[in-house]
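Atom set for the values below is all heavy atoms of this structure, side chains included, hydrogens, waters and symmetry mates excluded. To find a chain, count down the sequence lines: A is the first, B the second, and so on, and within it residues start at 1. Since the model is a prediction, treat every value here as computed from it, not as a measurement.
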Protein chains: 2
Amino acid sequence: MKQTRNTTAKTEILKLISQSTVALSHSEIQNNLDGLCDRVTIYRVLDRLVEEDLVHKVVNIDGGVKYASCNHKEAVHHSHNHIHFSCEECHTVTCLEDVKPSFELPKRYQVKEVNFTVSGICPECSS
Amino acid sequence: MKQTRNTTAKTEILKLISQSTVALSHSEIQNNLDGLCDRVTIYRVLDRLVEEDLVHKVVNIDGGVKYASCNHKEAVHHSHNHIHFSCEECHTVTCLEDVKPSFELPKRYQVKEVNFTVSGICPECSS
DNA sequence: TTGTTATTGCAACATTGTTGCATTTTATTT
DNA sequence: AAATAAAATGCAACAATGTTGCAATAACAA
Ligand SMILES: [Mn+2]
Ligand SMILES: [Mn+2]
Ligand SMILES: [Zn+2]
Ligand SMILES: [Zn+2]
């Protein structure tokens, strides 16, 4: 297993994602970093963070990719099988960690990964 | 309301999608059309087909976009809120029209659209 | 402090999707 | 069977997003 190093880019990107209440896209991260590093580096750091399970990748309903922090509350088991809500108005993507959908696939389908996104209007925007 | 016209491009693209058992991407469609029309036209036809609810758009777990035919079995009501299965091996995306997941969002979230994708190994590939 | 190698910057490239505009095609009307 | 209006197309140009190769740099273990 290859080792990993702590760099300022990685630290700052992880901090950004962790402190955000909503999932962030590559470009949003780039804007917030204000030239700290190259955009290619951001892609590579994000890949590493996902690989290390510090962050999870969310594919939005429009195909856009965002990143959200992993909340490793529970000790051992940790799943990303929760619903993500995408607001059509403020364009934020929120992890709804407590909402786990139930479904039953026909047998012989081996499930490995899951991506559930619901779009509409978020509580903030419905007022 | 604007009207729509039947063109060979539209006819051929709809035929391709309808005859396929799996969802097709823009590039797969382009390859199958063998130069019948420009790639921009394919994008525009696909938009129209989705608009007319003849086809539905599926965002895959990897962010790739595919198109699948709408099976308007039921008379009036017709929803796209079914699960899509994405095979990691053969890279096909299949509509599982009969599998409708159940979930309960916190109140005040107004749901408008849904995209549920599960990836893993499909029955064909698990042998 | 030094050596190893993980990480970065940069340039170049690939893929996917969009837009403007002149031209062609469809379908309706005469 | 024309003539007509506008929907649809082709083409070129552009934009957004992501990838790759490689030389230079930085992290960190020894
Ligand atoms: Mn997680
Ligand atoms: Mn449908
Ligand atoms: Zn909102
Ligand atoms: Zn398969």
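- Here the P atom of nucleotide C:dG17 and the CD1 atom of B:I29 are 10 Å apart, to the nearest Å.
- We find that NZ of A:K66 is positioned 17 Å from C1' of D:dG18, with the value rounded to whole Å.
- Comparing D:dT17, D:dA7, C:dT8 by their closest approach to the side chain of A:R39 singles out D:dT17.
- Atom-to-atom, OH of B:Y67 to C1' of C:dG17 comes out at 9 Å; the value is rounded to the nearest Å.
- A:N60 has its CG atom 15 Å from the C1' atom of D:dT17, to the nearest Å.
- In terms of polar N and O atoms assigned as donor or acceptor, the side chain of A:R44 never comes within less than 3.5 Å of the base of D:dG18 in a complementary pairing.
- D:dG10 atom P lies 11 Å from atom CG of B:L33, rounded to whole Å.
- Within the 6.0 Å centre-distance limit, the rings of A:F103 and A:F116 are counted as a close aromatic pair.
- Nucleotides of DNA chain D nearest to B:C37 and A:G63 differ in position, and the one nearer the 5' end is that of B:C37.
- A straight line from CG of B:N6 to P of D:dA8 spans 9 Å, rounded to a whole angstrom.
- Contact check on A:E51 versus A:R44 returns no salt bridge, with no Lys/Arg side-chain nitrogen under 4.0 Å from an Asp/Glu carboxylate oxygen.
- The side chain of B:T7 approaches C:dT26 more closely than any other nucleotide in the set D:dT19, C:dT26, C:dT18.
- C:dC10 atom P lies 13 Å from atom CD1 of A:I42, rounded to whole Å.
- Evaluation of atom-type donor-acceptor distances gives no pair under 3.5 Å for the side chain of B:R48 against the base of D:dA8.
- Comparing C:dC10, D:dT17, C:dT18 by their closest approach to the side chain of A:D38 singles out C:dC10.
- A side chain to side chain contact (heavy atoms under 4.5 Å, CB included) with A:D38 holds for exactly one of A:T41, A:L36, A:I42; it is A:T41.
- For the pair A:T4 and C:dT7, the criterion of a side-chain N or O lying under 4.0 Å from OP1 or OP2 is met.
- Considering only side-chain atoms of B:R5, the nucleotide from C:dT25, C:dG9, C:dG17 that sits closest is C:dT25.
- Atom C1' of nucleotide C:dT15 and atom OH of B:Y43 are separated by 8 Å, given to the nearest angstrom.
- Ionic pairing of A:E52 and A:K10 is present here: one or more N-O contacts between side-chain nitrogen and carboxylate oxygen are shorter than 4.0 angstrom.
- Checking each of A:D62, A:T117, A:N60, A:T92 against A:S86 for a side chain to side chain donor-acceptor pair (under 3.5 Å) leaves exactly one that passes, namely A:N60.
- Mapped onto DNA chain C by nearest heavy atom, B:V40 and B:T8 fall at different nucleotides, with B:V40 at the one closer to the 5' end.
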